[in-house]
Amino acid sequence: ADGQLLVWDANSGDQKVFRSDAADGGLRFVTYSDDGTKIATFSEDDEQIRIWGATTGENFLSITDKGGTESIQFSPDGRAVLTSNTDGWIYMWDAFGGGEIFALEAHPNFARDAAFSPDGAYIVTGSDDTTARVWNVETGEEEYTLLGHGNWLTSAAFSPDGTLIASTDLDGVTKLWDLSAPASIPELEHEDEAPIWLAAFTPDGRRLVTGGADGIVNVWDAESGDRLNSFEGFSHTNKPFDGSDGPAIIPISNENGSVDLWDVNSGQLVSNLSGEYIWVSWADVSGDGQIAVTVTCDEFGEDGEFCALGRARVWEATSGEEMLALPYDAINDDEAQAYALNHDGSRLLVGSCAEFDEEEFECFDSWLTTYDTATGDEIASWPVGFGAVRWIDYSPDEATIFTSNREETRLWDATSGEQLLEAAGFYKTTDPQGQCFVTLTDNFAAMIWDMRTGVNLGTITGHRDEITSIEFSP
């Protein structure tokens with residue numbers, strides 16, 4: 001939204017910053033050429049298609065949009081750029097000179113998507129006229145019209161070998177088309193009619209992944225059309241699943257207040273966690289996949305808005321059996337702001353407010369408390385020394401605990417509770433080896449710190465708005 005494109009070298013961490021000329025506007029589309037040497041962007045505010053050198057950051061070409069670009073893609077050889085437009089036309093542009101190679105009225109109205117076949121010989125387009133059409137790039141002639149959708153098409157894509165096309169629409173329909181005999185394979189059976197926004201083949205072409213407005217991601221067998229896996233809901237885990245010594249399990253909350261535990265690799269439902277409570281505010285799973293912990297609201301306050309009584313529940317992940325519920329005075333959703341589960345699930349860390357001003361609705365002092373998830377006993381507790389704890393986490397070796405509010409981060413010895421370090425900014429992540437950590441600042445920067453000395457190793461700048469995600473490579 002800030003009109004800025006940031007590119008990072010995954011090996012060195014060096015940053016390249018590219019800015020569009022639309023000072024007050026954003027980039028709607030960004031795409032790489034297949035060889036990684038060029039980047040194409042489209043800014044809706046000044047209607048410019050720009051081509052950039054991916055390593056130099058040089059904006060060496062600008063093309064004025066014909067009006068209402070809906071998609072942008074490089075040709076497989078990177079020599080051309082394809083755009084589809086709201087007027088139903090598609091345009092192919094010279095990616096080096098900017099000249100118009102051809103213009104084609106592909107549909108009578110909105111051309112929502114356009115994509116090259118892997119060999120660059122064909123283009124598939126999808127439109128609000130409910131059709132997908134296949135075009136010969138050399139002649140500009142229409143090869144096929146794919147009929148069968150009952151509503152606007154939202155996306156269309158070739159399989160990696162160019163033999164299949166997947167198309168999606170607003171009625172929640174996904175179709176596969178075999179170009180050797182262009183009749184649709186029976187449509188893929190989604191469970192509801194929520195719009196499907198996109199479809200993409202895996203690199204080997206054996207699977208098709210679709211995602212839609214219902215929050216469900218489906219994985220399909222591209223040959224048979226059978227649904228293989230399905231994931232839905234919203235994860236409340238405060239850290240990525242790892243599955244390093246067990247199944248990779250992620251918790252997904254449901255509208256009815258229960259939590260589903262899914263094995264990400266197999267796509268199978270492991271268990272469902274449900275009980276007598278109103279909602280789940282946090283959930284996590286131990287690294288070995290054996291223990292799950294949820295924080296629930298059990299009772300509203302007098303105002304009917306805020307949670308007055310809550311519990312931390314410990315579950316046996318594979319069976320879904322509730323093993324323990326910490327007492328009401330241990331976990332209170334009005335007071336506790338942050339939670340963390342250690343790797344084997346034996347300890348639950350809670351950051352809670354010790355002094356809360358109800359008139360100002362602000363926390364002035366917080367405590368850290370560690371609980372034994374097998375017994376519910378309190379292991380240790382100590383004051384943090386600042387207001388509301390917004391984030392807590394263990395270091396990879398679990399010897400150190402991180403606490404953070406919006407302004408500062410503090411590191412603690414997990415056994416003694418002794419404060420080790422203090423750093424500016426909001427804690428975000430630690431490298432896998434536990435040697436450094438990252439905090440984010442109000443001026444849109446990320447600061448890297450040495451965990452042993454507290455020395456600032458470097459600051460990443462260049463963002464023009466709040467940083468929302470940052471992560472180390474393994």
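Positions are given from 1, in the same order as the sequence printed here. Just so it is clear, the structure is predicted and the values come from calculations on it, not from any experiment.
- For the atom pair Thr174 OG1 and Leu208 CG, the distance stands at 7.0 Å (nearest 0.5 Å).
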Working for side chain to side chain donor-acceptor pair (under 3.5 Å), residues Asp128 and Asn109: CA-CA 6 Å; Asp128 287 4; Asn109 50 27; 5.6 Å; no
Verdict with supporting geometry, Asn136 and Glu143, side chain to side chain donor-acceptor pair (under 3.5 Å): CA-CA 6 Å; Asn136 186 302; Glu143 297 282 339; 3.2 Å; yes
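- Judged purely by distance below 3.5 Å, without hydrogens or angles, the side chains of Thr83 and Thr69 never pair a donor atom with an acceptor atom.
- Using a 4.0 Å cut-off between a side-chain N of Lys or Arg and a carboxylate O of Asp or Glu, Lys38 and Asp34 do not qualify as a salt bridge.
- Under the 3.5 Å distance criterion, with hydrogens and angles disregarded, a donor-acceptor pair is assigned to the side chains of His107 and Thr125.
- With sequence neighbours excluded, no residue satisfies salt bridge (Lys or Arg N to Asp or Glu O under 4.0 Å) with Asp431.
- Checked by atom type, the side-chain pair Glu316/Thr318 shows a donor-acceptor distance below 3.5 Å.
- The aromatic rings of Tyr427 and Phe437 are tilted relative to each other, their planes meeting at an angle between 30° and 60°.
- Side chains of Ile448 and Thr459 form no contact here, defined as non-hydrogen atoms less than 4.5 Å apart.
- Under 3.5 Å, the side chains of Trp152 and Thr130 contain no donor-acceptor pair of N or O atoms.
- Salt-bridge formation is not detected for the pair Asp221/Arg206: no Lys NZ or Arg NE/NH1/NH2 atom is positioned less than 4.0 Å from an Asp or Glu carboxylate oxygen.
- By the neighbour-count criterion of 12 heavy atoms within 6.0 Å, atom CZ of Arg79 is sparsely surrounded, having that number or fewer from other residues, nucleotides or ligands.
- Under a 4.0 Å N-O distance rule, the pair Glu398/Arg347 qualifies as a salt bridge.
- Between the side chains of Asp169 and Asn151, no donor-acceptor pair is found at a separation under 3.5 Å.
- Counting heavy atoms from C-beta outward, Asp178 and Leu176 have side chains that stay 4.5 Å or more apart.
- Heavy-atom neighbours of Glu138 CD from other residues, nucleotides or ligands within 6.0 Å: at or below the threshold of 12.
- A donor-acceptor contact closer than 3.5 angstrom links the side chains of Gln48 and Thr64.
- Atom CG of Asp442 has 12 or fewer neighbouring heavy atoms from other residues, nucleotides or ligands inside a 6.0 Å radius.
- Thr409 and Ser404 share a side-chain donor-acceptor pair at under 3.5 Å.
- Among residues two or more places apart in sequence or in another chain, the side chain to side chain contact (heavy atoms under 4.5 Å, CB included) test is passed with Leu104 by Ile90, Phe102, Trp135.
- Here the closest heavy-atom approach between residue Arg112 and residue Ser71 is recorded as O-CB, 4.0 Å.
- Between Thr294 and Ala283 the shortest heavy-atom distance is CG2-CB, 4.0 Å.
- The line from CH2 of Trp262 to OG of Ser271 is 11.0 Å long, rounded to the nearest 0.5 Å.
- Thr439 places none of its side-chain heavy atoms less than 4.5 Å from the side chain of Lys428.
- A donor atom on one side chain and an acceptor atom on the other are found under 3.5 Å apart for Thr154 and Thr168.
- Counting heavy atoms from C-beta on, the side chains of Leu82 and Tyr91 never come closer than 4.5 Å.
- The aromatic rings of Trp391 and Phe426 sit perpendicular to each other, their planes meeting at more than 60°, with 30° as the lower class boundary.
- To the nearest 0.5 Å, atom OG1 of residue Thr31 and atom CZ of residue Phe74 are 7.0 Å apart.
- Ser286 and His343 share no donor-acceptor pair across their side chains, judged by distance under 3.5 Å alone.
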